[in-house]
*Asks:* 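Have a look at this one before I ask anything.
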Protein chains: 2
Amino acid sequence: MTAIARAAAEFPRLVSLDALRTHCADCSMRELCLPLGLAPSDVDALDSIVQKRVKVRKGEPLFRHGAPFTALFAVRVGSFKTTVVTDDGREQIAGYHLPGDILGLDGVGSEQHASEVTALELSEVCTIPFAQLEDIAHQVPTLQHNLHRILGREINADHRLLLLLGSMRAEERLAAFLLSLSERYARLGYSPTDFVLRMTREEIGRYLGLKLETVSRLFSRFAAEGLIKVRGRTVQIVDMVMLKQLIGGH
Amino acid sequence: MTAIARAAAEFPRLVSLDALRTHCADCSMRELCLPLGLAPSDVDALDSIVQKRVKVRKGEPLFRHGAPFTALFAVRVGSFKTTVVTDDGREQIAGYHLPGDILGLDGVGSEQHASEVTALELSEVCTIPFAQLEDIAHQVPTLQHNLHRILGREINADHRLLLLLGSMRAEERLAAFLLSLSERYARLGYSPTDFVLRMTREEIGRYLGLKLETVSRLFSRFAAEGLIKVRGRTVQIVDMVMLKQLIGGH
DNA sequence: CGCGCCGTTGATATTATTCAAGACCAGTGG
DNA sequence: CCACTGGTCTTGAATAATATCAACGGCGCG
């Protein structure tokens, strides 16, 4: 593991204290977020409604199940989980979110959030009031189009998870999970092979539709088979090819 | 050949397109579909881009996995399924669709459809070219808002299915499936207790993440317990209360 | 009438869960 | 500095749930 990759994985980004407002134009997530492809003047328009950064501490909710839907959130720093619950309290984690991701999309379909978003570590988001976003999107076709694409990509991500939950065996699920994290970290400029999980075994299980013991056993087995190295939440992918072959190996 | 291509081939030019046009204003699905809450003049604007009805025969695809995304479709008559597939060919059914539902939302996130939609019986859809829909939505805020809500509701529906697949036992899944169908038929003005399934046991299984034998056994068991009556695909819900209690009964 | 798909049911195998015990690890206070 | 504590993680053994394999019945359609 390189020092840079390790540092990036282990420490949340430092936040400069002097900037009170978020400026999309300066944001390192610009190209992964809503402003993608916008003209500078349109980025300013978007900027004007984006409220200043909000810090969320580890374990704290950004919004709760049933809360009124007023805004979307863009992850700047840190990571989050989205959970859905049954009437009798069982939970399913519908997604893990990294910088650049947009949170709260589940509220777009109704007046209330059907899910709950919680920080997995000290994190930071930009708040984007939805009514105002719709107004500006109405004037800026590219922004409207970006919003559509973000909603559409959420649907695609959910479909991939449905496929995983509905048709894959436990070992395939975990392999797919690790590979998906790898890919996402790579896209953010981090190491695709070395990273630190931000969630517990139980949370991984609630995402993959498995019990925590099953997840733990699989980590041990993957390590014994030389596919990965694990030490607690630190994971190193040793044999990416085999891991990929594992999916679809019936 | 997809249904659209066939329709284009089958209707010669001498047939007046106007006569074949769908008019949202007259459509019985008006209040369940995109035009909801639109002023009459705005309905006309939407009408102007909605292409003539397309018939899709049983088992035929409306569009295939990987096909370029150009349009959304509104179900007028009949029913459809949306399927997602793994690289190695395993399928998951992500949704069943009834009149008033909008199909093809999975394409909004990219240039191509990630899923495939197939008719379960002789069905009929309206084709809504997406680029033109975005244009009109740009002029009609209510329509833009409706589009957002439709995308958002798809996310909510997917989340409910994730919850089902990730956290429910087989019997709970089937009960939830039957209750969800019941509710949707009721909303369409049909009986909430008596309906005919349009899909095979295997398709139900691919939706619920179960094998067809398991689905069949559960139907038999529910019938033996007096919850439902089954004859082939004809289902009658006898004890709605018990069926609801079954979910979350662990 | 017969063929093919669909559905049911039984016996068995497999997979993942449950229950249980203990190890590890970081933080805390004596 | 060390023991203590609570949460997390690992591992084993027994159990439960669902899948698999297999046979057969039935219905609808050509």
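Per chain, numbering begins at 1; letters A, B, ... match sequence-line order. Quick caveat: nothing in here was measured; it's all calculated off a predicted structure.
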*Asks:* Any base atoms under 4.0 Å from A:Arg173, or only sugar-phosphate, or nothing? Heavy atoms, all strands.
*Replies:* nothing
*Asks:* So is B:Arg201 actually on top of B:Phe219's ring, under 6.0 Å and inside 45° of the axis?
*Replies:* yes
*Asks:* Classify the nucleic acid contact of A:Arg233 as base, sugar-phosphate or nothing, counting any heavy atom under 4.0 Å across all strands shown.
*Replies:* sugar-phosphate
*Asks:* Whole angstroms only, please: what is the CZ-C1' distance between A:Arg198 and D:dT8?
*Replies:* 16 Å
*Asks:* Regarding A:Glu121 and A:Ser79, do their side chains bring together a donor and an acceptor under 3.5 Å, going by distance alone?
*Replies:* yes
*Asks:* Can you tell me how far P of C:dT14 sits from CZ of A:Arg169, to the nearest Å?
*Replies:* 11 Å
*Asks:* For B:Arg201 and C:dT8, is the shortest distance between a side-chain N/O and OP1 or OP2 below 4.0 Å?
*Replies:* yes
*Asks:* Find the distance B:Arg206:CZ to C:dG7:P and express it as a whole number of Å.
*Replies:* 12 Å
*Asks:* With a sphere of 6.0 Å drawn around CZ of B:Arg233, does it hold more than 12 non-hydrogen atoms of other residues, nucleotides or ligands?
*Replies:* yes
*Asks:* Output the rounded distance in Å from CZ (A:Arg231) to P (D:dT8).
*Replies:* 18 Å
*Asks:* Applying a 4.0 Å non-hydrogen cut-off, can you work out what B:Gly209 is touching in the nucleic acid: base, sugar-phosphate, or nothing?
*Replies:* sugar-phosphate
*Asks:* Assess whether one donor atom and one acceptor atom, taken from the side chain of B:Glu202 and the base of C:dC5, lie less than 3.5 Å apart.
*Replies:* no
*Asks:* Within this structure, what is the CZ-to-P distance between A:Arg90 and C:dT17, rounded to whole angstrom?
*Replies:* 14 Å
*Asks:* For the side chain to side chain donor-acceptor pair (under 3.5 Å) test, which of B:Glu203, B:Glu116, B:Glu91 pairs with B:Lys81?
*Replies:* B:Glu203
*Asks:* Assign B:Ser216 to base, sugar-phosphate, or nothing according to its heavy-atom contacts below 4.0 angstrom with the strands shown.
*Replies:* base
*Asks:* Counting side-chain heavy atoms from CB outward, which of D:dT8, C:dT8, C:dA16 is closest to A:Thr200?
*Replies:* D:dT8
*Asks:* Is a donor-acceptor contact shorter than 3.5 angstrom present between the side chain of B:Arg217 and the base of C:dG7?
*Replies:* no
*Asks:* Between atom CD1 in B:Ile204 and atom P in C:dC6, what is the gap in whole Å?
*Replies:* 13 Å
*Asks:* Less than 4.0 angstrom between a side-chain N/O of A:Thr214 and OP1 or OP2 of C:dA16, yes or no?
*Replies:* no
*Asks:* Could you check how far CG of B:Leu218 sits from P of D:dA19, rounded to whole Å?
*Replies:* 9 Å
*Asks:* Keeping the roles fixed (side chain from A:Gln112, backbone from A:Phe69), state whether a donor-acceptor pair exists under 3.5 Å.
*Replies:* no
*Asks:* Under 4.0 Å between any heavy atoms, over every strand shown, what does B:Leu212 touch: base, sugar-phosphate, or nothing? Just pick one.
*Replies:* base
*Asks:* Rounded to whole Å, please give me the gap between CZ in B:Arg221 and C1' in D:dA17.
*Replies:* 11 Å
